[in-house]
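Data first, discussion second: the structure below is written as structure tokens.
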Amino acid sequence: MEKFTTHTGRAVPLRRSNVDTDQIIPAVYLKRVTRTGFEDGLFAAWRQDPGFVLNRPEYAGADVLVAGADFGTGSSREHAVWALQNYGFKAVISPRFGDIFRGNSLKGGLLTVLLPESDVERLWQAVEEDPTTAVTVDLVEREVRYADVVLPFEIDDYTRWRLMEGLDDIGLTLRHAEEVEIFEQSRPAWKPRTLAAAD
Amino acid sequence: MADKGRTLAEKIWQEHVVRSAEGEPDLLYIDLHLVHEVTSPQAFDGLRLAGRAVRRPDLTIATEDHNVPTVNIDQPIADIVSRTQVETLRKNCADFGIRLHRMGDASQGVVHVIGPQLGLTQPGTTIVCGDSHTSTHGAFGALAFGIGTSEVEHVLATQTLPQYRPKTMAITVNGTLPDGVTSKDIILALIAKIGTGGGQGYVIEYRGEAIRALSMEARMTICNMSIEAGARAGMIAPDETTFAYLKGRQHAPSGADWDAAVAYWRTLVTDDDATFDAEVVIDASDLTPFVTWGTNPGQGAPLGASVPDPSTIVDDAERASAERALEYMGLRPGTKLRDIEVNTVFLGSCTNGRIEDLRAAAAVLKGRKVADGVRVLVVPGSMAVKQQAESEGLHSVFVEAGAEWRSAGCSMCLGMNPDQLAPGERSASTSNRNFEGRQGKGGRTHLVSPLVAAATAVRGRLSAPSDLD
């Protein structure tokens with residue numbers, strides 16, 4: 001995973017709440033077996049509308065998405081994170097995220113930032129007034145900054161450290177393989193198994 | 001912690017903590033990992049790249065469900081991209097030694113239908129799957145939640161997951177359900193009440209007289225849709241209903257193991273002195289058949305109501321969302337929900353594709369005909385459900401009424417296979433999501449119970465069985 005410390009870019013105001021992962025990437029795009037190439041499916045239905053915010057020239061190349069509450073609800077598809085990343089997004093700001101989407105994003109290095117609704121509204125207004133506004137998402141300082149505005153955000157220390165170091169979760173867990181083995185020895189014999197014991 | 005009462009979720013959590021360290025998520029052991037073709041290929045690739053094996057193939061099981069066609073299942077899948085994905089799962093399962101139920105196999109079906117059916121879903125277990133409706137298994141008093149592909153890879157490699165301890169929410173459903181009102185109506189009414197984000201960050205425990213009275217199938221319907229209220233997991237304490245469902249199933253414990261298991265399972269209740277982080281109470285006696293009018297599962301109303309007027313909604317974001325939803329759904333405020341005509345009825349999915357759901361719908365359709373111009377798809381949740389339904393003659397009821405009797409899969413719940421709505425088409429669907437385009441690009445979905453689905457099929461408009469002659 002690529003390390004994330006701080007990122008400065010332009011922002012796209014997505015003035016919608018309840019953007020579920022079916023909107024982020026519809027199911028028909030999930031048939032691929034790779035982790036790349038999902039950018040064509042990002043907001044596929046909405047992008048057919050020339051007026052959709054991602055199609056507007058003033059937001060071309062912007063890589064911070066600012067969305068309404070309950071972004072990424074619904075399906076667990078990690079393809080939603082890949083589609084955002086493949087398209088070029090580095091961070092998403094919203095007042096509330098779907099739990100599974102948030103977990104997926106932070107595993108994959110797409111920084112999801114929680115800001116209160118009033119702050120999101122101000123940020124929307126700022127980037128709508130001036131789409132060239134530089135927005136900084138600073139994980140080190142746990143701040144979003146633009147113009148003369150500084151907005152602190154919360155993220156737990158462990159996740160922040162993992163993102164800043166670009167660490168692979170599996171590698172971290174395997175350091176505790178011995179504890180997993182000890183735990184396994186204490187499991188009751190009647191717990192379900194999918195294969196016959198001989199296998 | 002020792003002196004304080006614990007909730008059901010806290011008990012199961014504690015039983016599965018492999019490692020706990022200050023400032024880090026707990027490392028949880030996973031008892032059962034369910035795998036399907038859509039969210040797993042990149043995880044297996046990750047294992048190969050890192051030279052890692054699957055730690056516990058004996059705690060892992062795979063099925064083909066999301067992509068599979070529900071007709072001509074003896075033929076190769078026509079859609080080449082879908083076929084490649086299914087073939088990739090077959091190769092991955094063969095390479096890593098994982099049991100797979102392939103299309104056509106007697107135990108194949110929707111992942112959340114086959115787990116309980118095989119007796120693999122058991123009280124007190126931790127269960128994960130790369131699918132948000134894994135919450136279904138919580139009906140057995142399991143801690144079950146959906147995960148992303150990175151986490152699928154993590155579980156394959158380590159049989160554990162680092163997780164932060166969630167908050168707990170009690171949802172108590174008092175009273176008795178009136179006739180014609182089902183567990184689907186409970187959960188739809190509940191999501192409309194607490195919103196699609198209401199359960200975010202929580203594990204829900206469903207409690208109360210009305211919940212205790214439900215069958216396992218009906219409990220699964222409620223737990224299934226916990227995620228639509230934002231909660232990754234929903235659960236119900238196991239009881240005699242649970243034990244009776246499990247006893248004798250292929251992977252349920254037997255003999256002395258059964259006794260030991262049941263003795264343990266009986267401890268899986270929330271202690272009287274335990275506290276929840278949040279509590280919600282509803283009364284089942286007040287409920288009526290419930291349907292959605294919008295594009296998220298929280299946008300619903302009693303069938304007897306009308307399409308709401310967004311201008312009366314105070315919250316700006318909610319009003320904007322309702323306005324967009326009505327535009328997408330092609331609905332006008334004030335229209336009676338019972339006057340909404342549908343083109344398609346879908347009976348199936350991990351929410352309502354079980355034998356009891358098919359029986360309920362067949363009882364309504366028996367001796368009746370599907371309305372002219374309405375397409376009705378009946379898709380059993382698994383091949384075992386299909387076989388059971390056929391042995392009871394339910395398939396004849398459906399076919400004689402004019403419905404299509406299909407093979408098992410996720411089908412039109414998400415339209416990854418050819419079962420899709422055309423743009424502008426409207427469905428009454430027993431599935432779980434009415435998102436824009438969910439059942440096909442431009443398709444319009446109303447979420448309903450199996451009883452409402454069947455009555456709607458007969459009248460061609462959203463209806464309850466009580467509307468039929």
Side-chain angles (χ1 to χ4, degrees), chain A residues 15-18 20 22-23 26-28 30-35 44-45 68-70 73-79 81-82 96-101 103-104 107-108 117 156-159 168-174 176-177 179-180 182-184 187-195 197 199, chain B residues 18-19 23-25 27 29 31-32 38-39 41-42 50 57-61 67 81-82 84-85 88 99 119-120 122 125 130-132 146-151 153-154 157-160 162 196-197 200-201 230 232 251 253 257 260-261 296 317 320-321 414-416 433 435-438 441:
Chain A
R15 278 190 179 267
R16 291 186 191 190
S17 58
N18 260 302
D20 57 76
D22 272 79
Q23 304 320 310
V28 291
L30 311 185
K31 298 179 185 180
R32 295 187 195 122
V33 295
T34 57
R35 268 181 193 259
D70 295 316
T73 53
S75 158
S76 65
R77 58 190 70 166
E78 198 160 323
H79 311 67
V81 171
W82 302 333
R96 190 163 60 189
F97 293 96
D99 271 344
I100 305 178
F101 173 80
N104 291 342
K107 295 265 181 217
E117 250 167 89
D156 68 273
D157 292 343
Y158 180 81
T159 305
D168 159 27
D169 245 359
I170 300 178
L172 291 173
T173 295
L174 288 173
H176 308 294
E179 285 158 272
V180 178
I182 292 167
F183 181 91
E184 281 178 329
R187 295 178 75 238
W190 46 261
K191 286 263 187 175
R193 285 178 190 236
T194 57
L195 302 173
D199 296 338
Chain B
V18 171
R19 180 176 184 277
E24 293 183 25
L27 190 62
Y29 198 81
D31 290 317
L32 180 64
V38 180
T39 56
Q42 297 85 356
D58 62 332
L59 303 183
T60 311
I61 188 169
N67 272 278
V81 195
S82 284
T84 302
Q85 194 166 58
T88 303
R99 169 173 161 193
L120 286 166
Q122 295 178 13
T125 54
D131 189 285
S132 60
I147 57 177
T149 298
S150 295
E151 292 175 310
E153 184 180 339
H154 197 115
T158 70
Q159 204 58 35
T160 65
T196 55
Q200 202 257 334
R232 275 179 93 173
H251 290 277
D257 281 347
N296 72 58
S321 168
L414 86 167
M416 274 192 85
R433 290 188 173 137
F435 297 152
E436 290 181 27
R438 170 80 177 180
K441 197 167 155 191

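Residue numbering restarts at 1 for every chain, and letters A, B, ... go by the order of the sequence lines.
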Starting at [atom1] of [X], measure out to [atom2] of [Y] and round the result to the nearest 0.5 Å.
X: B:Gln42; Y: A:His79; atom1: CD; atom2: NE2; value: 4.5 Å
X: A:Arg187; Y: B:Thr125; atom1: CZ; atom2: OG1; value: 9.5 Å
X: B:Leu27; Y: A:Thr173; atom1: CG; atom2: OG1; value: 5.0 Å
X: A:Leu195; Y: B:Thr60; atom1: CG; atom2: OG1; value: 8.0 Å

Non-hydrogen atoms of B:Asp58 and A:Arg193 that approach each other most closely: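 For B:Asp58 versus A:Arg193, the nearest heavy atoms are OD2-NH1, 2.9 Å.
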[X] versus chain A, the contacting section by heavy-atom distance below 4.5 Å:
X: B:Leu59; value: both
X: B:Gln122; value: side chain
X: B:Ala320; value: neither
X: B:Arg99; value: both
X: B:Asn67; value: side chain

Heavy-atom side-chain proximity of A:Pro26 to B:Lys441 below 4.5 angstrom: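 Answer no - side chains too far apart.
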Could you check if a side-chain atom of B:Arg232 sits within less than 4.5 angstrom of a side-chain atom of A:Ile100, using non-hydrogen atoms only?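 Yes. Closest side-chain heavy atoms under 4.5 Å.
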Taking every heavy-atom pair that is under 4.5 Å apart, which of B:Thr88, B:Leu120, B:Leu414 has the most such pairs with chain A?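 Ranked by contacts with chain A, first place is B:Leu120.
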Quick one: which of A:Ile170, A:Val180, A:Leu174 gives a side chain to side chain contact (heavy atoms under 4.5 Å, CB included) with B:Thr160?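 It is A:Val180, the one option of A:Ile170, A:Val180, A:Leu174 that forms the side chain to side chain contact (heavy atoms under 4.5 Å, CB included) with B:Thr160.
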Most chain B-contacting option - heavy-atom pairs closer than 4.5 Å, from A:Glu179, A:Glu117, A:Arg32, A:Arg77: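 Highest number of pairs under 4.5 Å: A:Glu179.
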Do you know which of A:Gly68, A:Gly103, A:Gly74, A:Pro188 has the most heavy-atom pairs under 4.5 Å to chain B?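 Most heavy-atom pairs under 4.5 Å with chain B: A:Gly74.
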Side-chain donor or acceptor of A:Lys191 paired with backbone N/O of B:Leu32 under 3.5 Å: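 Here the side-chain-to-backbone pair does not exist.
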Could you walk me through whether B:Glu436 and A:Arg16 pass salt bridge (charged side-chain N to carboxylate O under 4.0 Å, His left out), step by step? CA-CA 13 Å; B:Glu436 290 181 27; A:Arg16 291 186 191 190; 5.3 Å; no
At a heavy-atom separation under 4.5 Å, does A:Phe97 approach chain B through its side chain, its backbone, both, or neither?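 Backbone only.
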Is it true that A:Asn18 and B:Thr196 share a donor-acceptor pair across their side chains at a distance under 3.5 Å?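 Yes.
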